[in-house]
Enquirer: 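Please read through the structure below; I'll follow up with questions.
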Amino acid sequence: MKSTKLLWTILATLTFTLFLGITTSRPAMAKNGTTPTALRGTWHSTTSKSRYVMVIHKHSMSGYRYSKKLGRVVDRSHVSQSHLYSQYAGKGYYEIGLKGSDAVSDFKPMHYKGQKILYQHLGYFGYGNRHMIWYRGK
């Protein structure tokens, strides 16, 4: 009699614990596939040889390079939601790139000469001051 009562108590405790584990709220996972609104839109950067265009959507990112010498689009790239990584890196910078790889760029939305720009830091922080400025529009 005591063993069946003990068995029922253990079974009820396990069932109650399992029920609490399923129904309790879990912490939200990071939204790695969502880009911040400050970075969304069409951005371009022009050098003496090429024009780079980057389009950042809510859940994807694409870009291409137009060669002035050849007069056509040379490189195209696209990152879908399942492969997009986006995270705040601190000091106003956001990391955006491929999930699970080191192909990540650091972007900071800023204002420069009255225009909204994206400041892209190239290389490592604390080592050099290489950057690229992306302007809004096509």
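All residue numbers refer to positions in the sequence shown, counting from 1. Bear in mind the structure is a predicted one, so any value in this text is a computation, not a measurement.
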Enquirer: Drop me the distance from Tyr94's OH to Gln120's CD, to the nearest 0.5 angstrom.
Expert: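 Answer for the OH-CD pair, Tyr94 versus Gln120, is 16.0 Å.
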Enquirer: I'd like to know if Met61 and Leu122 are part of one continuous hydrophobic network [Ile/Leu/Val/Met/Phe/Trp/Tyr, side-chain heavy atoms within less than 4.5 Å].
Expert: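 Hydrophobic grouping puts Leu122 with Met61.
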Enquirer: Is the side chain of Ser67 donor-acceptor paired with the backbone N or O of Arg72 at a distance under 3.5 Å, no angle test?
Expert: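 Absent.
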Enquirer: I'd like to check the ring pair (Phe, Tyr, Trp, His ring centres under 6.0 Å) partners of His131; sequence neighbours left out, ordered by chain and number.
Expert: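 Scan of His131 (ring pair (Phe, Tyr, Trp, His ring centres under 6.0 Å), adjacent residues dropped) gives Tyr119.
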Enquirer: Do you know which two heavy atoms are closest between Thr35 and His57, and how far apart they sit?
Expert: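 Closest heavy-atom pair between Thr35 and His57: OG1-O, 2.7 Å.
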Enquirer: Mind checking what makes side-chain hydrogen bond (donor to acceptor under 3.5 Å, both in side chains) contact with Thr46, not counting sequence neighbours?
Expert: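 Here the qualifying residues are Arg51.
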Enquirer: Looking only at heavy atoms, what is the nearest atom pair of Arg65 and Ser50, with distance?
Expert: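 Closest heavy-atom pair between Arg65 and Ser50: NH1-OG, 2.9 Å.
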Enquirer: So do Arg136 and Trp43 actually touch side chain to side chain, heavy atoms under 4.5 Å?
Expert: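 The answer is yes, as the side chains (C-beta and beyond) meet within the 4.5 Å cut-off.
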Enquirer: State, with a plain yes or no, whether a side-chain heavy atom of Leu118 is found less than 4.5 Å away from one of Met54.
Expert: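 With C-beta onward as the side chain, the pair touches.
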Enquirer: Would you say the side chain of Ile96 lies within less than 4.5 Å of the side chain of Ser105, judging by non-hydrogen atoms?
Expert: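 A side-chain contact is absent here, since even the closest heavy-atom pair is not under 4.5 Å.
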Enquirer: Tell me whether Val79 shares a hydrophobic cluster with Met132, the cluster being built from Ile, Leu, Val, Met, Phe, Trp, Tyr side chains joined at under 4.5 Å.
Expert: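 Yes, same cluster.
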Enquirer: Please identify each residue that fulfils side-chain hydrogen bond (donor to acceptor under 3.5 Å, both in side chains) with Ser80, with sequence neighbours left out.
Expert: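 Scan of Ser80 (side-chain hydrogen bond (donor to acceptor under 3.5 Å, both in side chains), adjacent residues dropped) gives Ser82.
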Enquirer: Compare every heavy atom of Leu39 with every heavy atom of Ile56, then report the nearest pair and how far apart it is.
Expert: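 Closest pair (atom of Ile56, atom of Leu39, distance): CD1-O, 3.4 Å.
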Enquirer: Listed by chain and number, what are the ring pair (Phe, Tyr, Trp, His ring centres under 6.0 Å) partners of Tyr64, not counting sequence neighbours?
Expert: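 Scan of Tyr64 (ring pair (Phe, Tyr, Trp, His ring centres under 6.0 Å), adjacent residues dropped) gives none.
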Enquirer: Might you work through the side chain to side chain contact (heavy atoms under 4.5 Å, CB included) test for Lys58 and Thr34, ending with a clear yes or no?
Expert: CA-CA 6 Å; Lys58 184 175 182 179; Thr34 305; 4.1 Å; yes
Enquirer: Among the clusters formed by ILVMFWY side chains lying less than 4.5 Å apart, do Val74 and Tyr52 turn up in the same one?
Expert: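 No, no single cluster joins them.
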Enquirer: I want to check something: taking the side chain as every heavy atom from C-beta on, are Leu84 and Ser60 in contact at a cut-off of under 4.5 Å?
Expert: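 They are not in contact (no side-chain heavy atoms under 4.5 Å apart), so the answer is no.
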Enquirer: Using the ring pair (Phe, Tyr, Trp, His ring centres under 6.0 Å) criterion, which residues pair with Tyr66? Sequence neighbours excluded.
Expert: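 Scan of Tyr66 (ring pair (Phe, Tyr, Trp, His ring centres under 6.0 Å), adjacent residues dropped) gives none.
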Enquirer: Kindly compute the distance separating NZ (Lys99) from NE2 (His83), expressed to the nearest 0.5 Å.
Expert: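 Lys99 NZ to His83 NE2: 9.0 Å, rounded to 0.5 Å.
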Enquirer: Do Tyr112 side-chain atoms and Lys116 backbone N/O form a donor-acceptor pair below 3.5 Å?
Expert: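 No, the answer is negative, given that no donor and acceptor are paired below the 3.5 Å cut-off.
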Enquirer: Output all residues satisfying side-chain hydrogen bond (donor to acceptor under 3.5 Å, both in side chains) with Ser62, sequence neighbours left out; order by chain, then residue number.
Expert: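 So Ser62 forms no side-chain hydrogen bond (donor to acceptor under 3.5 Å, both in side chains) with any residue.
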Enquirer: If you look at every heavy atom in Ala89 and Glu95, which pair is closest and at what distance?
Expert: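 Shortest heavy-atom separation between Ala89 and Glu95 comes out as CB-CG, 3.7 Å.
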Enquirer: What distance do Ser86 atom OG and His59 atom NE2 have between them, rounded to the nearest 0.5 Å?
Expert: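 So the gap between those two atoms works out to 11.0 Å.
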Enquirer: Measuring only between side-chain heavy atoms, which start at C-beta, is Tyr85 closer than 4.5 Å to Ser101?
Expert: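 Of all side-chain heavy-atom pairs linking Ser101 with Tyr85, none is under 4.5 Å.
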